[in-house]
Protein chains: 2
Amino acid sequence: MSKNCNFIEKLREIGLRPTKQRVKMCEVLFNREKTFHFTINDLVKMISDEMNEKISLATVYNTVHVFQKKGYLKEISINSDKSYFDTNTSAHHHFYDEDTNELIDCDESDIDKINIRKNITGKKINSVEVLVKVASDNQNQK
Amino acid sequence: MSKNCNFIEKLREIGLRPTKQRVKMCEVLFNREKTFHFTINDLVKMISDEMNEKISLATVYNTVHVFQKKGYLKEISINSDKSYFDTNTSAHHHFYDEDTNELIDCDESDIDKINIRKNITGKKINSVEVLVKVASDNQNQK
DNA sequence: ATCTACATTATAATAATTCTAAACTGTTGA
DNA sequence: TCAACAGTTTAGAATTATTATAATGTAGAT
Ligand SMILES: [Mn+2]
Ligand SMILES: [Mn+2]
Ligand SMILES: [Zn+2]
Ligand SMILES: [Zn+2]
């Protein structure tokens with residue numbers, strides 16, 4: 001979903017009613033220069049900061065899942081207590097900072113294309129994700 | 001932790017009291033031909049099947065985390081509602097079957113060694129994990 | 001046998017997520 | 001224009017994995 005657009009029309013085009021909650025979520029998620037990573041809680045905070053009205057947590061969950069299903073958000077595979085989403089839906093990989101719990105994008109030049117030589121009968125590959133876990137390099141490990 | 005051994009001695013060597021719960025967990029986890037993947041719930045079921053006595057869920061959680069910290073178990077990064085562990089602690093990658101929620105090991109020949117060309121100042125790489133998500137190849141997507 | 005530090009346990013607490021069912025609203029077509 | 005309907009939001013409850021608590025039990029040392 002490209003930025004700087006009429007989200008009302010965009011939502012209609014993909015068959016979603018352009019409610020004010022959805023439009024606001026579109027603005028917060030897609031109307032910006034750079035893509036970013038977020039948890040549901042991050043997103044609720046961002047919306048609350050930009051809106052004077054409240055938005056229900058259930059609506060945020062529902063809408064994030066709808067956007068994901070429609071292909072406008074991607075869920076990142078980290079095992080954490082919470083789910084991480086990405087407004088960058090292209091195939092790309094991540095660094096995960098275990099100190100700060102932050103995700104950082106890799107660009108194409110950072111990691112060679114992964115070539116999968118195994119195939120599982122009757123199954124097709126849906127995604128290939130590389131997660132590079134990093135942490136503080138301090139020698140002072142207590 | 002190698003199979004077919006005296007787990008009482010092994011546990012002592014790594015500074016853990018060889019309680020009967022821990023010994024049983026060792027047997028279930030490490031006394032077998034092949035490594036495997038499991039969730040906490042899987043493991044509780046396996047233990048219950050092999051033991052007539054009950055084991056507390058808290059003990060299973062605690063002991064799995066101790067074994068992980070000591071390096072005898074590895075946690076796999078999938079985002080799922082539950083955590084997956086691996087008795088294969090060597091660096092290796094996984095297929096994740098989204099239909100059955102099963103993990104399948106890749107061997108070295110399946111995926112080339114990943115070369116990371118980016119580095120993040122002050123951070124060291126702790127792990128590099130590739131997750132290949134697969135699902136049924138049916139054309140009949142309703 | 002007794003002591004004590006460490007373990008196990010049942011249970012409660014926590015926290016992310018999903019479910020529910022009632023109230024609300026965008027859209028349609030009479 | 002406006003009633004009707006289907007889709008949507010919502011607060012709160014339910015679910016579920018996980019962690020914390022605190023009482024009880026026990027392995028190993030003396
Ligand atoms: Mn979890
Ligand atoms: Mn989750
Ligand atoms: Zn990303
Ligand atoms: Zn594995």
Side-chain angles (χ1 to χ4, degrees), chain A residues 6-28 37-48 51-70 73 75-85 101 103, chain B residues 6-29 37-48 51-70 72-73 75-85 101 103:
Chain A
N6 183 351
F7 290 118
I8 293 178
E9 275 317 307
K10 284 281 164 58
L11 284 165
R12 277 216 184 84
E13 280 166 28
I14 61 179
L16 293 176
R17 281 198 189 164
T19 62
K20 65 173 184 291
Q21 290 85 350
R22 281 174 178 162
V23 171
K24 173 52 71 181
M25 284 187 67
C26 284
E27 286 168 2
V28 168
H37 309 106
F38 63 92
T39 65
I40 296 289
N41 240 300
D42 295 337
L43 184 54
V44 169
K45 283 206 193 81
M46 293 171 76
I47 294 168
S48 301
M51 273 213 304
N52 14 23
E53 311 156 66
K54 288 274 152 282
I55 189 171
S56 165
L57 185 59
T59 299
V60 177
Y61 270 102
N62 292 339
T63 307
V64 163
H65 286 143
V66 171
F67 285 170
Q68 180 190 12
K69 203 163 294 171
K70 297 282 178 177
L73 288 175
E75 192 167 8
I76 308 299
S77 285
I78 310 176
N79 96 317
S80 154
D81 45 338
K82 49 197 97 177
S83 293
Y84 282 77
F85 293 89
N101 298 321
L103 278 171
Chain B
N6 182 351
F7 290 118
I8 293 178
E9 276 317 308
K10 283 280 164 58
L11 285 165
R12 277 215 185 82
E13 280 167 29
I14 60 178
L16 292 177
R17 280 197 189 165
T19 61
K20 65 171 183 295
Q21 289 86 350
R22 281 176 178 162
V23 171
K24 174 52 73 182
M25 284 187 66
C26 283
E27 287 168 0
V28 169
L29 288 171
H37 308 106
F38 64 92
T39 65
I40 295 289
N41 239 301
D42 295 337
L43 184 55
V44 169
K45 283 207 193 80
M46 295 172 76
I47 294 169
S48 303
M51 275 214 302
N52 13 25
E53 313 155 65
K54 289 272 153 283
I55 189 171
S56 166
L57 184 60
T59 299
V60 177
Y61 269 102
N62 292 338
T63 306
V64 162
H65 286 143
V66 171
F67 285 171
Q68 181 190 11
K69 203 163 295 175
K70 297 280 179 179
Y72 297 104
L73 288 176
E75 190 166 10
I76 307 299
S77 284
I78 311 175
N79 98 312
S80 153
D81 46 337
K82 48 197 98 174
S83 294
Y84 282 77
F85 294 89
N101 298 322
L103 278 171

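Each chain gets a letter, A, B and so on, in the order its sequence line appears, and its residues count up from 1.
Using modelled atom types, one side-chain atom of A:Thr63 and one backbone atom of A:Thr59 make a donor-acceptor pair closer than 3.5 Å.
For B:Arg17, no side-chain nitrogen or oxygen approaches OP1 or OP2 of C:dT8 to under 4.0 Å. In this model, the phosphate group of D:dA17 is not approached by any side-chain N or O of B:Ser83 to a distance below 4.0 Å at OP1 or OP2. Distances shown here put a side-chain N or O of B:Thr19 below 4.0 Å from the OP1 or OP2 atom of C:dT8. Note on B:Arg22: every side-chain N or O is 4.0 Å or more away from OP1 and OP2 of D:dA27.
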- Query: When every nucleotide of nucleotides 9-14 of chain C is labelled 5' to 3' by its protein contacts under 4.0 Å (heavy atoms), B for base, S for sugar-phosphate only, - for none, what sequence of letters results?
  - Reply: BB----
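For the pair B:Leu11 CG and D:dG28 C1', the interatomic distance rounds to 15 Å; values are reported in whole Å. Atom-to-atom, NZ of B:Lys45 to C1' of D:dA17 comes out at 13 Å; the value is rounded to the nearest Å. One atom, CD of B:Gln68, and another, P of D:dT18, lie 12 Å apart when rounded to the nearest Å. Summarising the geometry, the separation between CD on A:Glu75 and P on C:dA16 is reported as 15 Å, rounded to the nearest angstrom. Atom CG in A:Asn79 sits about 12 Å away from atom C1' in D:dT18, given to the nearest Å. Rounded to a whole Å, the CD atom of A:Glu9 is 14 Å from the C1' atom of C:dT27. Straight-line distance from the CG atom of A:Leu43 to the P atom of C:dA16: 15 Å, rounded to whole Å. In this structure, B:His65 atom NE2 and D:dT18 atom P are separated by 7 Å, rounded to whole Å.
Nearest-nucleotide positions on DNA chain D place B:Asn41 closer to the 5' end than the other of B:Lys20 and B:Asn41. Map B:Leu16 and B:Tyr61 each onto its nearest nucleotide of DNA chain D; the residue landing nearer the 5' end is B:Tyr61.
A donor-acceptor contact under 3.5 angstrom links the side chains of B:Asp42 and B:Thr39, judged on distance only.
With respect to B:Lys10 and B:Glu13, no salt bridge is recorded, no charged nitrogen being found less than 4.0 Å from a carboxylate O.
For B:Ser48, the side chain to side chain contact (heavy atoms under 4.5 Å, CB included) test picks out B:Val44, with sequence neighbours left out. Residues passing the side chain to side chain contact (heavy atoms under 4.5 Å, CB included) test with B:Thr19 are B:Arg17, B:Gln21, B:Arg22, sequence neighbours excluded.
In this structure, OG on B:Ser77 lies 13.5 Å from OH on B:Tyr84, to the nearest 0.5 angstrom.
Within the 4.5 Å cutoff, the side chain of B:Ile55 has no heavy atoms near those of the B:Lys24 side chain.
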